Amino acid sequence: MRWTYCIIWFLYVSICESGPLPDPGPVMYGEVQSPQYPGPYPPNLQEQWDLSVPEGFQIRLTFTHLDIEASAGCHYDSLTVLYNGKVLGKFCGQENSADGHHPGNQNILSPGNRLTLVLQTDDGNPERHQNIGFSAQYQAIDIDECSAPEPRSGSGPLCSQICLNTLGSYLCSCYHGYELRQDQRTCVLSCVGGIFDEPEGHLSSPGYPNPPPHAVDCQYVISVESGFIISLNFTENFQIESLDTEEGLSCPYHWLQVAISGREPRKLCGEKSPGLMVTNSNKVTLDYHIDTKGQSNGWSLDYSTERVKCPSPGSVPQGRVTPVLAEYFYRDYVFVRCDQGYKLMMNGYEIDSFSAMCQSNGQWHLPLPECHIIDCGEPEPLLNGGLTFLSGFQNQYRSVVQYHCNEPFYSTLSGDNVSLTCDADRKWRAINDVTLLPTCIPVCGQPTNLLSSYQRIIGGSDAPEGAIPWQTLLTVDGNRGGGMVIADRWVMTAAHVLVNNGVEVATGIIEVDSSRLSTTRVASIHIHPGYNKLDKLQYDNDIALIKLQDRLTFNSSVMPICLPPDGATYTPSIAGLSSGFGITTDREGKQLITNRLQYVRLPVVTQQNCRNSINALKRTNNQVPSLTDNMFCAGVPEGGKDSCQGDSGSAFALRDDGKFWAAGIVSWGVDCGVPGRYGVYTKVINYVDWIRNTMQEN
Ligand SMILES: *[C@@H]1O[C@H](CO)[C@@H](O)[C@H](O)[C@H]1NC(C)=O
Ligand SMILES: *[C@@H]1O[C@H](CO)[C@@H](O)[C@H](O)[C@H]1NC(C)=O
Ligand SMILES: *[C@@H]1O[C@H](CO)[C@@H](O)[C@H](O)[C@H]1NC(C)=O
């Protein structure tokens, strides 16, 4: 309860001087005397004194002496005391005299803070006793406004409840439970309204549980931090005057209005307690209104607050939302973690971690992310091999891939299968943690198109596609030669083919016409150091290797021939396969240059027969080269089948264990297909070490 002071003023104290002076302002006391006092006052006088003291005080006038010519009704000389024009007394005479009207030792009290004194005298009468006038003191007297009678105007008592007299004024106050109105005098029941911002509290109507005596307009605002919602719990004892209408209860004169922002305000009345009201708002305004008639005993409630609730955050497939709570409130957090092998994704981007807070508006500040399966990316590719998924797909977590070589042209060295599993840390892992890739090594000497062994061959035949895939066409300075692929970057040929510079190498063809499409670039040429290119009759060590700039990828058209296996033999009369793009004969026996790859089966000839044949030739021809142990012969004694010019460098292939191996290189001969003569081939088995070393070192 506040005390309110109604009137405030400043006190001015000044020394009083008699005589009319310009209004010196209120003083607290003073003295007034007739002119020339204590000498006799002059005649024909009309003198006035306006006394004033501060507002809220009265003036008490005390005569110390009064001696004015006495007359009946103070007709001639008089001192008149007035308040607001109203005569409080008209004095003359002397103390104890029978004439006149003397105030005696009575004080005069002005009803207000002003007092007017008027001294009036007539013509002087020299014979008369000289009257000396008056002397009076006045002082401000506090008014006890509180004990003043109630004004007749009917405006009610000065203070409706408690009046407190103060020096020069008064102030009103109210009993407990009431408060002073704006008028500073009347009291109304205190709403004890205002703003309630504590998380819980108690409110009741003024005077509850008693009816308030008169009209009430109280406002209560419950306002708490956002993120909290207010619940009102009305007690059983509830009574607000209502009207029963056809539409139900109506509250035309008395009501308790509950207003929540964003919603229609609701007026409560009647006899039934609303009980618990969950407002879902952090601000509620209650307006209690009672007019001057009727009776409402009022209401009482406890309010409480709880944090705003957010909806259950839901779940994330392949993830975990923590913590799991029955309900989620403002400022609660949830976290999402994905199961092993899954990653957090939001708006199409991967995120490291996720948390969302329940906001004051009851919404999560972020929607839940998704858990996407991780992937390990493409596994390292395998040269001449590939991958198959044993389980899973798209390189996803827990996918298992297995490397394989591109069969039948490549195979793994060990034959072991390497399989990798996509791990939770997004790496491909082998079972034993060794992620060494397998090596795909070329398969040699096993053409996909195997020539029928039952085929009878007379002369040469057109080679079908893919039957002799190691066959290489060399073009050196416009001349044709042959070669064979022995590794993905190596072609083997005869040394004498490469006496001139500028070799062109074409692989994987069966027709010369198409050679341009298959030309591969040469990196280096390695002629056997024992080959003597200056001596035209020297064909010993007629072997050379060509290194290609780019690796060949093997397929049914291009495949290497095997090098001689350990312990390989050149068993006489075993047929080998000789092939080439060299000179062939037509039906009439005319020699012509072939466009199509030719092949012929020729048996290995004993070294003795070979030597005999050559020695016989040497007797008639001194241009015949010598046979060495690095050479062997193949052919038929009756002639007609042979390798010939242009085939030089091509392979003479023998087949063991289903694999063709390079037994010989077409080297030289005297004429072609003549009876009693054989073709001479470089005996490759004598050069295996040189071949391997050369390939390794280059
Ligand atoms: C409401 O108040 C009553 C007592 O007046 C109490 O029994 C009840 O538990 C309260 N309800 C709530 C929800 O606080
Ligand atoms: C390698 O895998 C292939 C097929 O993927 C299968 O046929 C073969 O048996 C496997 N080899 C080994 C040694 O597991
Ligand atoms: C074999 O590979 C070569 C070069 O890569 C290519 O030109 C040729 O067409 C392939 N042949 C077949 C039958 O795939």
Side-chain angles (χ1 to χ4, degrees), residues 196 198-205 208-209 222 224 228-240 256 258 268 271-281 284 286 297-309 326-327 329 381-386 405-410 440-451 463-474 483-491 504-523 546 548-561 596-597:
F196 296 77
E198 296 296 318
E200 52 190 39
H202 176 83
L203 270 66
S204 58
S205 56
Y208 179 87
I222 308 173
V224 294
F228 289 80
I229 55 169
I230 298 162
S231 293
L232 308 177
N233 189 4
F234 285 90
T235 56
E236 274 305 305
N237 200 350
F238 180 93
Q239 196 262 318
I240 297 173
L256 176 64
V258 180
L268 305 175
E271 311 281 328
K272 192 173 177 300
S273 166
L276 186 69
M277 278 177 70
V278 180
T279 65
N280 286 321
S281 169
V284 181
L286 299 169
N297 292 334
W299 47 270
S300 153
L301 64 83
D302 290 304
Y303 79 86
S304 59
T305 49
E306 60 177 325
R307 284 186 289 162
V308 164
K309 225 177 273 180
E327 289 179 317
F329 296 98
L382 177 63
L383 185 65
N384 297 315
C405 291
N406 291 336
E407 290 180 341
F409 309 105
Y410 295 89
C440 291
I441 52 165
V443 169
C444 64
Q446 297 179 72
T448 49
N449 188 359
L450 206 56
L451 294 165
E465 179 128 14
I468 310 166
W470 51 82
Q471 180 68 51
T472 309
L473 171 67
L474 302 184
M484 71 203 85
V485 176
I486 58 167
D488 59 6
R489 291 182 73 175
W490 291 94
V491 167
E504 277 176 17
V505 180
T507 57
I509 53 157
I510 53 169
E511 286 182 340
V512 175
D513 290 351
S514 57
S515 66
R516 278 193 186 285
L517 303 170
S518 311
T519 301
T520 77
R521 289 180 295 167
V522 171
I546 299 169
L548 304 178
Q549 210 146 36
D550 306 307
R551 272 178 209 285
L552 296 168
T553 299
F554 299 135
N555 57 23
S556 60
S557 313
V558 194
M559 179 187 262
I561 187 167
R596 179 70 180 248
L597 177 62

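Side chains included, hydrogens not; waters and symmetry mates left out as well; all remaining heavy atoms used. All ligand and atom numbering here is 1-based and tracks the order in the structure. The model shown is predicted, which means the values in this text are computed figures rather than measured ones.
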List, for ligand 1, each N/O atom that has a protein N/O partner under 3.5 Å away, with both atom names and the distance.
| unit_1 | atom_1 | unit_2 | atom_2 | d |
| --- | --- | --- | --- | --- |
| ligand 1 | 2 (O) | Asn233 | OD1 | 3.4 |
| ligand 1 | 2 (O) | Asn233 | ND2 | 2.2 |
| ligand 1 | 11 (N) | Asn233 | ND2 | 2.8 |
| ligand 1 | 14 (O) | Asn233 | ND2 | 3.4 |

Query - Ser556: numbered ligand 3 atoms lying under 4.0 Å from its heavy atoms - result: 13 (C)
Requested in this report: Report yes or no: does Tyr410 contribute a side-chain atom to a donor-acceptor pair with the main-chain N or O of Phe554 at less than 3.5 Å?
Outcome: yes
Requested in this report: Could you tell me whether a side-chain N or O of Asn297 sits under 3.5 Å from a main-chain N or O of Gln239, the two making a donor and an acceptor?
Outcome: no
Query raised in the report: Taking N or O atoms only and a 3.5 Å limit, does Asn555 qualify as a polar contact for ligand 3?
Result: yes
Query raised in the report: Relative to the heavy atoms of Ser557, which atoms of ligand 3 are at a distance of less than 4.0 Å?
Result: 11 (N), 12 (C), 13 (C)
Report task. Look only at the side chain of Ser300 and the backbone of Thr235, and say whether a donor-acceptor pair between them is shorter than 3.5 Å. Result -> no
Query raised in the report: Should the heavy atoms of other residues, nucleotides or ligands under 6.0 Å from CD of Glu511 be counted, would the total exceed 12?
Result: yes
Query raised in the report: Are any side-chain N or O atoms of Arg489 and backbone N or O atoms of Asp550, one a donor and one an acceptor, separated by less than 3.5 Å?
Result: no
Query raised in the report: Is a side-chain N or O of His202 found less than 3.5 angstrom from the main chain of Tyr303, in a donor-acceptor match?
Result: no
Query raised in the report: Quick one: does Ser514's side chain have a donor or acceptor within less than 3.5 Å of a partner on Val512's backbone?
Result: no
